[in-house]
Amino acid sequence: MSRAPLQHILYVEDDPDIRTVAQLALEAVGGFKLRACASGKEALDAVAAGYVPDMILLDVMMPEMDGPTTLAQLRAIKATADQPAVFMTAKVQPAEIAYYKSLGAKGVLAKPFDPMRLSQQVLQLWEQRDEQDREQRHAG
Amino acid sequence: MPDNVHIGKDPDAALLAIQAAYTAQLPERLREIGGYLQHCLSEPHIDEHYQHLLMRLHKLAGSAGTFGFAELGRRATELEILLDSYLKGMSPGSDSSGAFAEVAAGIQDMLAWANHQNSSQLAGQDAL
């Protein structure tokens, strides 16, 4: 059985142009509800104020607090301790992808991205998580 | 979000507006990279300059292709990797000016190439 559909996405990206085009891609094209934050601190504040996302999308390289640090701090908050997280980054060499997955990321979306395909890619990662859960249940 | 862009009901129209806004401020992004490169060359002992340069290259690498500037994004990606390798290989007190000269020449080539294109040529070269 599939989990509830993906609706609420917490998105952290410091570049305003990329944030805007991703917002377009995920809201207007994908139909998701996006909470777009310009920094890791803003994301942490949103979650501390009660926002509970279904999924977390994070840029990796940001000033002051980078994506991995933001994820680590989100993991320390109950509301986001187990939510699937995905990194969106231009740094997608095999060793880098392995590093993101070692941090608990469910996937990596490469930049640059096609705005018209981004929501499909996000949905695929969400559905893959359903499949992973089913496999774990069968294995158990 | 840039102040002059509003996401309405037509995603295609909104995307065009966002692309136009990005295109309009691309020269400023390139000037910033050139400025940080000059800082690195004139004050090579200040690490912060290299980190700013790396961040600007990374942002260009990650964004240009999304807005139709695929070749520029590809060049920025190569230079980001080159600069990152240079920074990881630096050791305190080492004479690494020769290695950075290669990075600097690559950045100057990219900026010169971009400045010789007009925006429509840059954007029209290839898709993602």
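To find a chain, count down the sequence lines: A is the first, B the second, and so on, and within it residues start at 1. These numbers come from a predicted model, not from an experiment. No hydrogens, no waters, no symmetry mates; every other heavy atom, side chains included, goes into these values.
Between B/K59 and the options A/D59, A/D17, A/D15, a side-chain hydrogen bond (donor to acceptor under 3.5 Å, both in side chains) holds for only A/D59. With A/P115 as the partner, the side chain to side chain contact (heavy atoms under 4.5 Å, CB included) test is satisfied by one option alone out of B/D12, B/I18, B/L15: B/L15.
Under a hydrophobic clustering in which Ile, Leu, Val, Met, Phe, Trp and Tyr are joined whenever their side-chain heavy atoms come within less than 4.5 Å, directly or via other members, B/L82 and A/M61 fall into the same cluster. B/L57 is not connected to B/I46 by any chain of hydrophobic side-chain contacts under 4.5 Å among Ile, Leu, Val, Met, Phe, Trp and Tyr, and they are in different clusters. The cluster map of Ile, Leu, Val, Met, Phe, Trp and Tyr, joined by side-chain heavy atoms under 4.5 Å apart, puts A/L6 and A/M116 in the same cluster. A/V12 and A/L26 are not part of a single hydrophobic cluster, where members link through side-chain heavy atoms under 4.5 Å apart. Under the 4.5 Å side-chain heavy-atom criterion for grouping Ile, Leu, Val, Met, Phe, Trp and Tyr, B/L79 is connected to B/Y86 within one hydrophobic cluster.
Residue contact with chain A, scored on non-hydrogen atoms closer than 4.5 Å, is absent for B/T77. Contacts of B/I81 with chain A are made by side-chain atoms alone, with heavy-atom separations under 4.5 Å and no backbone atom involved.
The 12-atom threshold is not exceeded at CD of B/E48, counting heavy atoms of other residues, nucleotides or ligands nearer than 6.0 Å. Environment of OH in A/Y99: sparse, with no more than 12 heavy atoms of neighbouring residues, nucleotides or ligands closer than 6.0 Å. Annotation: A/E64, atom CD; neighbour count of heavy atoms from other residues, nucleotides and ligands within 6.0 Å does not exceed 12.
Scanning residues 74-97 of chain A against chain B with a 4.5 Å non-hydrogen threshold yields A/T89, A/A90, A/K91, A/Q93, sorted by number.
Note: B/R29 leads B/Q51, B/E80, B/R29 in heavy-atom pairs under 4.5 Å with chain A.
Closest approach of A/I18 to B/G62, counting heavy atoms only: CD1-O, 3.8 Å.
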Exercise for the section: Mind running side chain to side chain contact (heavy atoms under 4.5 Å, CB included) on B/Q19 and A/V21 for me, showing each step along the way? Expected result: CA-CA 9 Å; B/Q19 284 174 332; A/V21 78; over 6 Å; no

